[in-house]
Amino acid sequence: MSDAPAYDPEAVLRFYAENGIDSVEGEMPGDFFGWPEGAPKLVRPKPEPAPPPAARASAPKPKGPAPITAADAPMPTDEAMALAERVAAAATDIPSLADAIDAFEGCPLKAGARQAVVYDGIPGAPVLVMGEAPGRDEDREGKPFVGRSGQLLDRMLEAIGVSRSEGDGLLGACISNAIYWRPPGNRNPTKAEVAVCLPFMRRFVELSRPKLVLLTGNTPTQALFPDAPGITRSRGKWRTIETEAGPVPALPIFHPAFLLRQPIQKRLAWRDLLEAQAKLKEG
Ligand code: URA
């Protein structure tokens, strides 16, 4: 008999759970459920050239999960950006834009996310908040800012008389993100992922016609204003988003997740929120 300790898969899983490892993730997004037997787990296999249509029609149907084919290969970024422009422009209101994002196949993050996370709150409300990207909780629930940073965001908004919930007597807010699918392991989105989602974000602002937009953190700020310095220097300085529906004032502020890590910075965040409140009163 071997002296090696018996392998106990339950103990291994317990160890993972106790140490906070509660999901299977890699740097690259991918559909782990659809992965063919024996294929490497973290790297998409190189796409095979598509067979000619006649060969496709006569090929026997494989059993089990569909193999990954050329059709699953990520769309080139330029093509995905052009497609995003077209479908975003065709949307006529926020719900139809949300449907278009949901159906969009041009962002590679989609393969590794449970669902698209587009918006929460009141479409067309005077305040529009743009976050960075969904995290684990948002990916599960399908709504932006539902985790700890979302709770802080709600308190920040309520402090200036704004709320994403209808009917509580406060000024309404709608909340969305620069990216609609959770990046694996909550890594920062790449420039290409931001560029592919940007036409949707711009159209979201255009169709919402808010009185002002709060841009939380670097991702939404630098997506809309590539010349903007880091958030520490760009926060609190008004910018203008030019849309087909007219100019919209936008204020970069610290991201609530950053404020959770650096509570001392809440002082500056409060100053920015008061700026936003004053702008709302102007109108
Ligand atoms: N952080 C964000 O920027 N957006 C979310 O939806 C959640 C956390």
Side-chain angles (χ1 to χ4, degrees), residues 20 22-23 25 29 94 97-98 101-102 104 107 109-110 112-123 125 127-158 162-165 172-191 193-198 200-205 208 210 212-225 228 230-232 234-235 239 241 250-263 265-266 268-269 272-273 276:
D22 59 2
S23 60
E25 279 155 1
I94 297 294
L97 181 62
I101 294 170
D102 203 26
F104 183 65
C107 181
L109 291 172
K110 184 172 186 175
R114 282 189 170 89
Q115 56 190 318
V117 176
V118 183
Y119 74 94
D120 190 27
I122 308 157
V127 177
L128 174 60
V129 180
M130 284 293 178
E132 299 194 327
R136 189 189 59 175
D137 298 331
E138 290 77 20
D139 181 53
R140 285 206 179 126
E141 291 199 28
K143 287 183 186 169
F145 281 103
V146 293
R148 273 186 74 218
S149 57
Q151 288 158 20
L152 177 57
L153 176 66
D154 285 339
R155 290 203 300 279
M156 289 163 66
L157 294 176
E158 278 165 30
V162 174
S163 167
R164 67 168 114 177
S165 314
C174 188
I175 300 180
S176 185
N177 278 317
I179 297 285
Y180 306 99
W181 296 272
R182 181 195 184 191
N186 294 350
R187 66 155 167 76
N188 286 334
T190 63
K191 283 204 167 117
E193 289 156 0
V194 172
V196 165
C197 293
L198 184 59
F200 294 118
M201 186 189 181
R202 296 193 64 84
R203 188 74 177 140
F204 204 101
V205 177
S208 303
L212 61 86
V213 181
L214 293 174
L215 301 168
T216 64
N218 280 327
T219 303
T221 304
Q222 291 176 337
L224 289 166
F225 303 102
I231 193 67
T232 313
S234 56
R235 57 144 281 277
R239 290 189 167 249
I241 306 173
L251 189 65
I253 63 171
F254 282 137
H255 193 285
F258 171 74
L259 295 173
L260 286 171
R261 292 194 302 273
Q262 304 244 358
Q265 304 292 357
K266 285 184 183 170
L268 293 176
D272 298 343
L273 289 171

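Indexing begins at 1, ligand by ligand and atom by atom, following the structure's order.
Side-chain contact between Asp139 and Trp181 is absent, with no heavy-atom pair separated by less than 4.5 Å. Residues Arg164 and Leu157 form no side-chain contact, since every pair of their non-hydrogen atoms from C-beta on lies 4.5 Å or further apart. Using a 4.5 Å heavy-atom threshold, the side chains of Pro210 and Cys174 count as separate. In this structure, the side chains of Leu251 and Leu212 stay at 4.5 Å or more apart for every pair of heavy atoms.
Atoms of ligand 1 lying under 4.0 Å from any heavy atom of Asn177, numbered from 1 in the order shown and given with element: 2 (C), 3 (O), 4 (N), 5 (C), 6 (O). Counting the atoms of ligand 1 from 1 in the order shown, those under 4.0 Å from a heavy atom of Ala133 are 1 (N), 2 (C), 3 (O), 4 (N), 5 (C), 6 (O), 7 (C), 8 (C). Taking every heavy atom of Gly131 and a limit of under 4.0 angstrom, the matching atoms of ligand 1 come to 3 (O). Ligand-side atoms of ligand 1 in range of Pro144: 6 (O), range being under 4.0 angstrom from any heavy atom. Counting atoms of ligand 1 from 1 in the listed order, those under 4.0 Å from a heavy atom of His255 are 1 (N), 2 (C), 3 (O).
Residue contacts with ligand 1 include Ser149, since one of its heavy atoms falls under 4.0 Å from the ligand. Under a 4.0 Å heavy-atom criterion, Ala257 is not in contact with ligand 1.
The two residues Asn186 and Gly135 come nearest to each other via the heavy atoms OD1-CA, 3.6 Å.
Proximity of the aromatic rings of Phe200 and Phe104 is defined here by a centroid distance below 6.0 angstrom, and this criterion is met.
For ligand 1, the polar-atom distance check against Glu132 finds a nitrogen or oxygen pair separated by under 3.5 Å.
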